[in-house]
Every structure is written in C-alpha cells, then in structure tokens.
Amino acid sequence: QVQLVESGGGLAQAGGSLRLSCAASGRTFSRYTMGWFRQAPGKERESVAAIRWSASSSYYADSVKGRFTISRDNAKNTVFLQMNSLKPEDTAVYYCAADRDGGSWYSSTAYDYWGQGTQVTVSS
C-alpha cells in the first residue's frame, strides 16, 4: 500500500511559478512510476507529466512542455512538479499518482494509487 500526499498548491499570477511536492509512504516507492494529473472544473482528468522509477525517462503533455519539470528524490520518497510560466489554463486540482507496473504514463487507469489533490489557481 502506498499513500500519497500532495502539497505546494496555491494561487499564482500568470507568468509565475509554483512547485508541487508529493510525499509517498511505502518501502517500494523507488520502483514506481510517478505521475501528475490535473482536473479543471467541468473537464476530464488529464495527464501532465510522469517519471519512471530510475528517473531515466520523463514525459510531458504538450501543453506543459518547456514550462513544467518533473523530478523525484527516491531517498526522500518524494516527487516534485516545478511549474514555471504559469497560465490561467493551468488552473486545476493537481493529483499525484503511483504506478507499480510501468504502464502507459498518460493513462490514469495505469496508476494504482492516488493522492487527494492540491488546488492550483492561476490568475490573469
């Protein structure tokens, strides 16, 4: 069992930055693919970024490429999402997720564990 707790959300102005953190419990965190998803009001949950267990591969949605960076610290059981050049359309609840089996990074059904989410609001 893995428990995920996100933090770092809040209010930012367009062009600003926020850094999300996701702290994970569990001894096998280092073997999981970790992903970030987001869901805006009235919209479906969408993938944002993911990173494999070894951090050798990371993936990004086209909408955030060049602006967001995902990283992980396996020693601290934590994954991060650095968000720069924020836009109002980045406003959403952001969720951290863990995948045991290294499936399709962009598919929410590949993930086994989810955090409660943290709100990110970007004002124009």
Side-chain angles (χ1 to χ4, degrees):
Q1 187 76 10
V2 173
Q3 292 186 324
L4 305 173
V5 179
E6 303 97 334
S7 61
L11 178 64
Q13 291 188 332
S17 299
L18 286 173
R19 189 190 196 205
L20 304 184
S21 298
C22 173
S25 64
R27 294 174 295 174
T28 57
F29 169 81
S30 62
R31 307 299 297 183
Y32 286 60
T33 294
M34 299 300 297
W36 286 97
F37 288 74
R38 67 186 182 187
Q39 188 167 17
K43 295 188 177 181
E44 293 187 355
R45 189 171 298 188
E46 64 176 0
S47 57
V48 175
I51 187 167
R52 297 298 186 192
W53 68 271
S54 64
S56 60
S57 299
S58 55
Y59 311 91
Y60 298 92
D62 287 344
S63 58
V64 307
K65 276 182 184 176
R67 300 188 298 121
F68 291 10
T69 302
I70 189 170
S71 61
R72 67 190 296 162
D73 184 339
N74 287 339
K76 296 182 178 181
N77 282 11
T78 304
V79 63
F80 305 97
L81 185 68
Q82 178 67 44
M83 306 187 294
N84 298 329
S85 302
L86 284 163
K87 303 176 180 180
E89 51 263 44
D90 294 319
T91 295
V93 177
Y94 283 70
Y95 298 89
C96 173
D99 168 20
R100 291 174 300 193
D101 302 317
S104 300
W105 73 270
Y106 51 84
S107 174
S108 62
T109 59
Y111 292 80
D112 305 286
Y113 304 102
W114 292 83
Q116 296 284 67
T118 185
Q119 176 70 47
V120 170
T121 303
V122 183
S123 62
S124 58

Shared ILVMFWY cluster between Val48 and Leu86, side chains joined below 4.5 angstrom? yes
Are Leu20 and Val79 co-members of a hydrophobic cluster defined by side-chain heavy atoms under 4.5 Å apart? yes
Say whether Phe80 and Tyr60 are linked into one hydrophobic cluster, either directly or through other cluster members, by side-chain heavy-atom distances under 4.5 angstrom. no
Measure from the side-chain N and O atoms of Gln116 to the backbone N and O of Glu6, and report whether any donor-acceptor pair falls under 3.5 Å. no
Would you say Trp105 ends up clustered with Trp114 if hydrophobic residues are merged whenever their side chains have heavy atoms under 4.5 Å apart, either directly or through other cluster members? yes
Is there a donor-acceptor pair under 3.5 Å between the side chain of Arg72 and the backbone N or O of Arg52? yes
I'd like to know if the side chain of Thr91 and the backbone of Val122 have a donor-acceptor N/O pair within less than 3.5 Å. yes
What pair of heavy atoms forms the shortest contact from Ala110 to Ser104, and how long is it? CB-O, 3.6 Å
Does Arg38 reach the side chain of Glu46, with side-chain heavy atoms less than 4.5 Å apart? yes
For Gln13, I'd like to know if atom CD has over 12 heavy atoms of other residues, nucleotides or ligands within 6.0 Å. no
Distance-minimising heavy-atom pair for Thr78 and Ala23: OG1-CA, 4.3 Å
To the closest 0.5 Å, what do you measure between CG (Leu18) and OG1 (Thr118)? 9.0 Å
In Å and rounded to the nearest 0.5 Å, what is the CG to OG1 distance from Leu81 to Thr69? 8.0 Å
Under the criterion side-chain contact (heavy atoms from CB on, under 4.5 Å), I'd like the reasoning laid out for Arg100 against Val2: C-alpha separation, chi angles, the key distance, then a yes or no. CA-CA 10 Å; Arg100 291 174 300 193; Val2 173; over 6 Å; no
Quick one: closest heavy-atom pair of Gly102 and Thr33, and the distance? CA-OG1, 3.8 Å
For Trp53, does its backbone N or O pair with a side-chain atom of Asn74 as donor and acceptor, under 3.5 Å? yes
For atom OH of Tyr59, decide whether the heavy atoms of other residues, nucleotides or ligands shown that lie under 6.0 angstrom number more than 12. yes
Find out whether Met83 and Asp90 are in side-chain contact, i.e. whether some heavy atom of one side chain is under 4.5 Å from a heavy atom of the other. no
Heavy-atom pair with the smallest gap, counting every atom of Ser17 and Ala12: O-CB, 4.5 Å
Is it the case that more than 12 heavy atoms not belonging to Glu89 sit under 6.0 Å from its CD atom? yes
Please round to the nearest 0.5 Å and tell me the distance separating atom SG of Cys22 and atom OH of Tyr95. 13.0 Å
Hey, can you tell me if Phe68 and Tyr94 have their rings parallel, tilted or perpendicular (30° and 60° cut-offs)? tilted
If we ignore hydrogens and angles and just use 3.5 Å, is the side chain of Ser25 paired with the main-chain N or O of Gln3 as donor and acceptor? yes
Does Gln119 CD have over 12 foreign heavy atoms under 6.0 Å away? yes
Using a strict threshold of under 4.0 Å (side-chain N to carboxylate O), is an ion pair present between Lys65 and Asp62? yes
Using ring pair (Phe, Tyr, Trp, His ring centres under 6.0 Å) as the criterion, point out the one residue from Phe37, Tyr106, Trp36 that pairs with Tyr111. Phe37
Show the nearest heavy-atom pair for residues Arg67 and Ser85, with the distance to one decimal. NH1-O, 2.9 Å
Whether the side chain of Ser56 engages the backbone of Ser54 through a donor-acceptor N/O pair (distance < 3.5 Å, no angle test) should be reported. no
Close side-chain approach of Asp99 and Asp112, heavy atoms under 4.5 Å: yes
Hey, quick one: are Ile70 and Val93 part of the same hydrophobic cluster, counting side-chain heavy atoms closer than 4.5 Å, chains of contacts allowed? no
Minimum heavy-atom separation for Ser47 and Ala61, please, with both atom names. O-CB, 3.5 Å
